[in-house]
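By convention here, the first residue in the shown sequence is residue 1. Not measured: the values here are computed from a predicted model.
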Amino acid sequence: MYRDGVSESQFERVLRWELPKIREACRLFRQGYEPKIIFSVVGKRHHTRIFPVDPKNRMEADKNGNCLVGTIVDKKITHPTLNDFYLQSHFANQGTARPSHYTILHDDIKLTIDEFQGLSNTLCYNFQRSTSSVSIPAPTYYAHLTCARAKMYLTTHRGNIYLPNVHRNLKNYPMYFM
């Protein structure tokens with residue numbers, strides 16, 4: 001599970017609300033279906049930047065002086081009690097790169113932090129609109145695009161929310177609007 005746009009003060013509330021809803025959706029999908037879940041938040045709206053020790057050293061920095069793609073910081077500047085890290089997963093064509101901030105709120109799978117960081121970085125290479133890595137994992141990116149597009153399609157009437165009718169040829173393609 002990837003979650004975007006949540007501030008630190010909302011972590012507990014989001015976890016208490018969304019984790020039971022995810023488990024319920026799994027049970028509705030198939031009786032007895034209880035997958036292990038990792039619930040994490042990824043954010044870009046912060047002021048943290050990471051820099052290489054020697055921006056001229058090509059083993060530490062890209063041509064713009066930013067940290068190399070795949071750089072992870074999980075000590076010293078992270079939260080003292082939360083399980084969080086910063087990942088610079090994309091190349092910045094211009095200016096200073098902004099790493100994404102990941103916080104793991106719940107973990108049934110029990111991945112090591114290195115395994116989760118590697119998974120997060122790998123998922124940044126799976127966004128189909130880009131030939132290079134992106135700043136957040138593809139599932140998070142797709143969820144963000146889906147929500148933005150859904151706002152355009154949703155209609156309300158007397159407090160009820162309705163989706164428009166979709167042509168029958170598109171019904172089997174849940175991401176037709178991408």
Side-chain angles (χ1 to χ4, degrees), residues 1-29 32-55 57 59-62 64-92 95-127 130 132-148 150-151:
M1 173 63 188
Y2 297 94
R3 188 69 160 76
D4 179 28
V6 178
S7 68
E8 189 177 315
S9 65
Q10 298 171 311
F11 286 173
E12 186 178 336
R13 182 175 51 169
V14 165
L15 189 60
R16 270 189 289 137
W17 169 257
E18 292 193 17
L19 188 59
K21 294 290 184 187
I22 293 167
R23 293 193 191 284
E24 180 183 342
C26 291
R27 285 191 296 274
L28 290 172
F29 174 69
Y33 182 56
E34 296 180 14
K36 293 181 178 179
I37 296 170
I38 289 183
F39 193 102
S40 67
V41 174
V42 58
K44 297 264 315 154
R45 294 186 183 122
H46 58 77
H47 299 289
T48 303
R49 303 293 182 272
I50 55 178
F51 299 97
V53 174
D54 181 3
N57 181 344
M59 298 298 288
E60 292 181 31
D62 64 19
N64 296 325
N66 290 305
C67 288
L68 296 175
V69 172
T71 298
I72 293 171
V73 176
D74 58 6
K75 295 187 178 23
K76 300 216 182 207
I77 64 168
T78 55
H79 196 280
T81 59
L82 294 175
N83 193 3
D84 69 326
F85 62 93
Y86 292 90
L87 168 61
Q88 178 58 45
S89 60
H90 69 291
F91 173 75
T96 304
R98 180 184 298 190
S100 295
H101 183 222
Y102 293 76
T103 306
I104 302 170
L105 300 180
H106 178 84
D107 182 6
D108 288 335
I109 299 174
K110 304 297 183 212
L111 293 176
T112 67
I113 191 65
D114 290 339
E115 290 170 328
F116 185 79
Q117 291 167 348
L119 174 63
S120 299
N121 189 49
T122 299
L123 288 172
C124 292
Y125 285 86
N126 293 334
F127 188 62
S130 177
S132 61
S133 60
V134 292
S135 61
I136 57 176
T140 306
Y141 214 133
Y142 287 128
H144 182 74
L145 291 172
T146 301
C147 291
K151 287 179 187 177

Minimum heavy-atom distance [X]-[Y], with the two atoms named:
X	Y	value
Q88	I50	CB-CD1, 4.0 Å
D54	A61	O-CB, 4.1 Å
C67	T71	CB-OG1, 3.6 Å
R23	P35	NH1-O, 4.1 Å
H90	S133	CA-OG, 3.5 Å
C124	S89	SG-OG, 3.4 Å

> So which pairs with a foot in residues 64-79 pass salt bridge (Lys or Arg N to Asp or Glu O under 4.0 Å), sequence neighbours left out?
Replying inline: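 Of all non-adjacent pairs touching residues 64-79, none passes salt bridge (Lys or Arg N to Asp or Glu O under 4.0 Å).
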Would you check if [X] and [Y] make a side-chain contact, meaning some heavy-atom pair closer than 4.5 Å?
X	Y	answer
L15	H106	yes
I109	F116	no
Y142	N126	no
H46	P99	yes

>> Parallel, tilted or perpendicular, judged at 30° and 60°: which one describes the rings of F127 and Y141?
In response: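 The rings of F127 and Y141 lie parallel, inter-plane angle below 30°.
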> With under 30° as parallel and over 60° as perpendicular, where do the rings of Y102 and F85 fit, or are they tilted in between?
Replying inline: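 Geometry flag for F85 against Y102: parallel rings.
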Gap between atom [atom2] of [Y] and atom [atom1] of [X] - 0.5 Å precision:
X	Y	atom1	atom2	answer
F91	S135	CZ	OG	14.0 Å
L19	L105	CG	CG	9.5 Å
D84	T78	CG	OG1	5.0 Å
D108	E34	CG	CD	10.0 Å
I38	I104	CD1	CD1	6.0 Å
E24	E18	CD	CD	13.0 Å

> Do L82 and E8 pass the side chain to side chain contact (heavy atoms under 4.5 Å, CB included) test, and can you show the C-alpha distance, the side-chain angles, and the key distance before you say yes or no?
Replying inline: CA-CA 10 Å; L82 294 175; E8 189 177 315; 4.2 Å; yes
>> Donor-acceptor pair, distance only, cut-off 3.5 Å: does the side chain of N64 make one with the backbone of A92?
In response: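 It does hold such a pair.
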> Hey, does the side chain of Q117 reach the backbone of L87 with a donor-acceptor pair shorter than 3.5 angstrom?
Replying inline: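 Absent.
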>> Going by the rule side chain to side chain contact (heavy atoms under 4.5 Å, CB included), which residues pair with L119 if we only count those two or more places apart in sequence or in a different chain?
In response: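 Applying side chain to side chain contact (heavy atoms under 4.5 Å, CB included) to L119 gives Y2, L111, L123.
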> Looking at residues at least two apart in the chain, or sitting in another chain, which of them share a ring-ring contact (aromatic ring centres under 6.0 Å, His included) with H101?
Replying inline: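 Testing H101 for ring-ring contact (aromatic ring centres under 6.0 Å, His included), a comparison that skips the adjacent residues, returns Y86.
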